[in-house]
**Student:** 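Provided herewith is a single structure, encoded as structure tokens, for subsequent inquiry.
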Amino acid sequence: MLREAFEYLTTPCPPLARRFGYLAEMVALGARHRRQRLAWAPHVAACRRFVEQAIQRVEPGGRALVAGSGLLIEIPLESLTARFDQVVLVDMLHARPVRRRAARLPNVRLLELDVSGALAPLATALDRGGPLPTAFAPPVLDGEPFRFALSCNLLSQLPLLPLEAVERHIPDMQEAERMAFARRLVRDHLGWLAGVAERAALFTDTDSCWLRGGDVLEADDSTWGLALPAPDMSWLWDIAPAPEQDRRHDLRHGVGGWFDVRKVTDAVPPC
């Protein structure tokens, strides 16, 4: 607990990231990884294998973008820096260990950015007590076009913390409105990702289930009701074996990876 408290107090963090809980989430994720390193190892290896295969499908050189780079747990950073002239790591904030690691690699750039474009207008709407914004503007990034972009376990997570903030202000929010808000964020992310680079890939958790003794007790979709096409690669992530999150039950995620995000955008109907 002392380590987590120190990280929370000393990590540089933009105001929006702190307000919406991204700093606390990052600190908690790092602590869980330290506790569950062995259980997470197959997932981490599968993620890195997916990224290695994805970058082999594009020509070397040029710029690469990594959205949701986080703590770099799942990212083979050195492989990316060896293949591309510049690697831009994008997240709401960057922990000190990430900053130190990036500083040792001359072609890595860190960018603190809300890739959804939703948080600033959402914060304004919540402060004013007004209606939720119905459209968001994902960021336009300066410089030459990216040769490759990667979304890292981000798609299903994008709506979570914004929705928590909304529900604190609007506790009686209707489920249909909640789902519409989430789907808009997810669809916008897919469209932004497809347009930001010549070739884009993504991996994301697609479902979660609670198990006891290996038997599935409860399963939920993690893609907000969107019917995604079959992934190019899939694997399981034992994210919280008992008693990490529940004393008797294990939490497991299914994860899918797509080498070309345009196959996903073509399959997802518009709003």
Side-chain angles (χ1 to χ4, degrees), residues 1-11 13 17 20-54 66-80 89 91-102 150-161 163-164 201-224 231 233-257:
M1 292 297 293
L2 288 176
R3 175 172 178 173
E4 286 78 34
F6 179 79
E7 289 175 350
Y8 186 85
L9 292 171
T10 62
T11 300
C13 181
F20 280 92
Y22 289 94
L23 174 57
E25 186 77 8
M26 183 202 71
V27 171
L29 181 70
R32 176 171 287 188
H33 176 245
R34 289 191 292 272
R35 291 191 300 269
Q36 300 296 340
R37 186 179 296 271
L38 289 178
W40 283 27
H43 162 71
V44 171
C47 291
R48 293 179 179 178
R49 187 163 57 248
F50 171 79
V51 177
E52 296 277 7
Q53 292 187 31
V66 180
S69 53
L71 296 170
L72 298 175
I73 293 168
E74 299 146 321
I75 308 304
L77 183 58
E78 284 72 15
S79 296
L80 286 160
L89 303 179
D91 215 314
M92 289 295 299
L93 68 155
H94 298 287
R96 291 189 184 278
V98 171
R99 293 173 182 271
R100 290 193 294 268
R101 187 173 170 189
L150 175 69
S151 175
C152 304
N153 217 30
L154 187 58
L155 189 72
S156 69
Q157 304 300 306
L158 276 176
L160 293 179
L161 293 179
L163 272 176
E164 287 184 12
L202 74 97
F203 63 88
T204 181
D205 54 308
T206 57
D207 60 77
S208 64
C209 61
W210 288 100
L211 304 96
R212 185 175 182 182
D215 296 326
V216 176
L217 304 177
E218 180 183 342
D220 292 299
D221 165 67
S222 300
T223 58
W224 305 97
M233 290 178 59
S234 60
W235 58 92
L236 298 175
W237 179 10
D238 288 312
I239 187 171
E244 173 65 39
Q245 192 161 328
D246 184 273
R247 188 169 59 87
R248 296 184 298 170
H249 299 150
D250 305 316
L251 180 61
R252 174 181 289 169
H253 286 181
V255 184

**Student:** What are the two closest heavy atoms between Phe203 and Cys47, and how far apart are they?
**Tutor:**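 Closest pair (atom of Phe203, atom of Cys47, distance): CE1-SG, 3.6 Å.
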
**Student:** So do Ile75 and Leu150 actually touch side chain to side chain, heavy atoms under 4.5 Å?
**Tutor:** yes

**Student:** Could you give all pairs that pass the side chain to side chain donor-acceptor pair (under 3.5 Å) test and reach residues 92-101, with sequence neighbours left out?
**Tutor:** Glu78-Arg101, Arg99-Glu112

**Student:** Please lay out, stage by stage, how Phe20 and Met92 fare under the test side-chain contact (heavy atoms from CB on, under 4.5 Å).
**Tutor:** CA-CA 10 Å; Phe20 280 92; Met92 289 295 299; over 6 Å; no

**Student:** Check for a donor-acceptor pair, side chain of Thr11 on one end and backbone N or O of Ala95 on the other, with a separation under 3.5 Å.
**Tutor:**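 The answer is no, because no donor-acceptor pair under 3.5 Å joins these two groups.
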
**Student:** Quick check against the 3.5 Å criterion: does Asp205 have a side-chain atom that pairs as donor or acceptor with the backbone of Asn153?
**Tutor:** no

**Student:** So, taking the atom named CG in Leu251 and the one named SG in Cys209, what distance separates them when rounded to the nearest 0.5 Å?
**Tutor:** 7.5 Å

**Student:** Tell me which pairs pass salt bridge (charged side-chain N to carboxylate O under 4.0 Å, His left out) where either residue lies in residues 211-220, with sequence neighbours left out.
**Tutor:**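 Residue pairs passing salt bridge (charged side-chain N to carboxylate O under 4.0 Å, His left out), neighbours aside: none found.
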
**Student:** With side chains defined as the heavy atoms from C-beta onward, is the minimum distance between Arg32 and Trp40 less than 4.5 Å?
**Tutor:** yes

**Student:** Which pair of heavy atoms, one from Gly256 and one from Pro231, lies closest together, and at what distance?
**Tutor:**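 The pair with the smallest heavy-atom distance is CA-CB, 3.9 Å.
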
**Student:** Atom CD of Glu164 and atom CD of Glu25: how far apart are they, to the nearest 0.5 Å?
**Tutor:** 7.5 Å

**Student:** Could you tell me which non-hydrogen atom of Ser222 sits nearest to which non-hydrogen atom of Ser208, and how far apart they are?
**Tutor:**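 In this case the closest contact between Ser222 and Ser208 is OG-N, 3.6 Å.
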
**Student:** If you take all heavy atoms of Cys152 and Val66, which pair is closest and at what distance?
**Tutor:**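 The pair with the smallest heavy-atom distance is SG-CG1, 3.5 Å.
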
**Student:** Measure the CZ-CG distance between Arg248 and Leu211 for me, rounded to the nearest 0.5 Å.
**Tutor:** 14.0 Å

**Student:** With a 4.5 Å cut-off on side-chain heavy atoms, are Asp221 and Asp207 touching?
**Tutor:**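 Result no, sub-4.5 Å side-chain heavy-atom pair not found.
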
**Student:** Would Val98 and Asp91 satisfy side-chain contact (heavy atoms from CB on, under 4.5 Å), going step by step from the backbone distance to the final call?
**Tutor:** CA-CA 11 Å; Val98 171; Asp91 215 314; over 6 Å; no

**Student:** Which value, rounded to the nearest 0.5 Å, describes the distance between Glu7 atom CD and Met26 atom CE?
**Tutor:** 6.5 Å

**Student:** Could you report the tightest heavy-atom contact between Glu52 and Ser79, atom names first, then the distance?
**Tutor:** OE2-OG, 2.6 Å

**Student:** Just wondering, more than 12 heavy atoms not from Leu9 lying within 6.0 Å of its CG?
**Tutor:** yes

**Student:** Return the CD1 to CZ distance between Ile73 and Arg37, rounded to the nearest 0.5 Å.
**Tutor:**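 Answer rounded to 0.5 Å: 8.0 Å.
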
**Student:** Show me the donor-acceptor pairs within less than 3.5 Å that the side chains of residues 233-240 make with the rest of the protein, sequence neighbours left out.
**Tutor:**
| residue | atom | partner | partner atom | Å |
| --- | --- | --- | --- | --- |
| Trp235 | NE1 | His43 | ND1 | 3.0 |
| Asp238 | OD1 | Arg252 | NE | 2.7 |
| Asp238 | OD1 | Arg252 | NH2 | 3.3 |

**Student:** For residues Asp246 and Trp210, report the shortest heavy-atom separation together with the two atoms involved.
**Tutor:** CB-CZ3, 3.8 Å

**Student:** Distance from Leu158 atom CG to Ser151 atom OG, nearest 0.5 Å?
**Tutor:** 7.0 Å

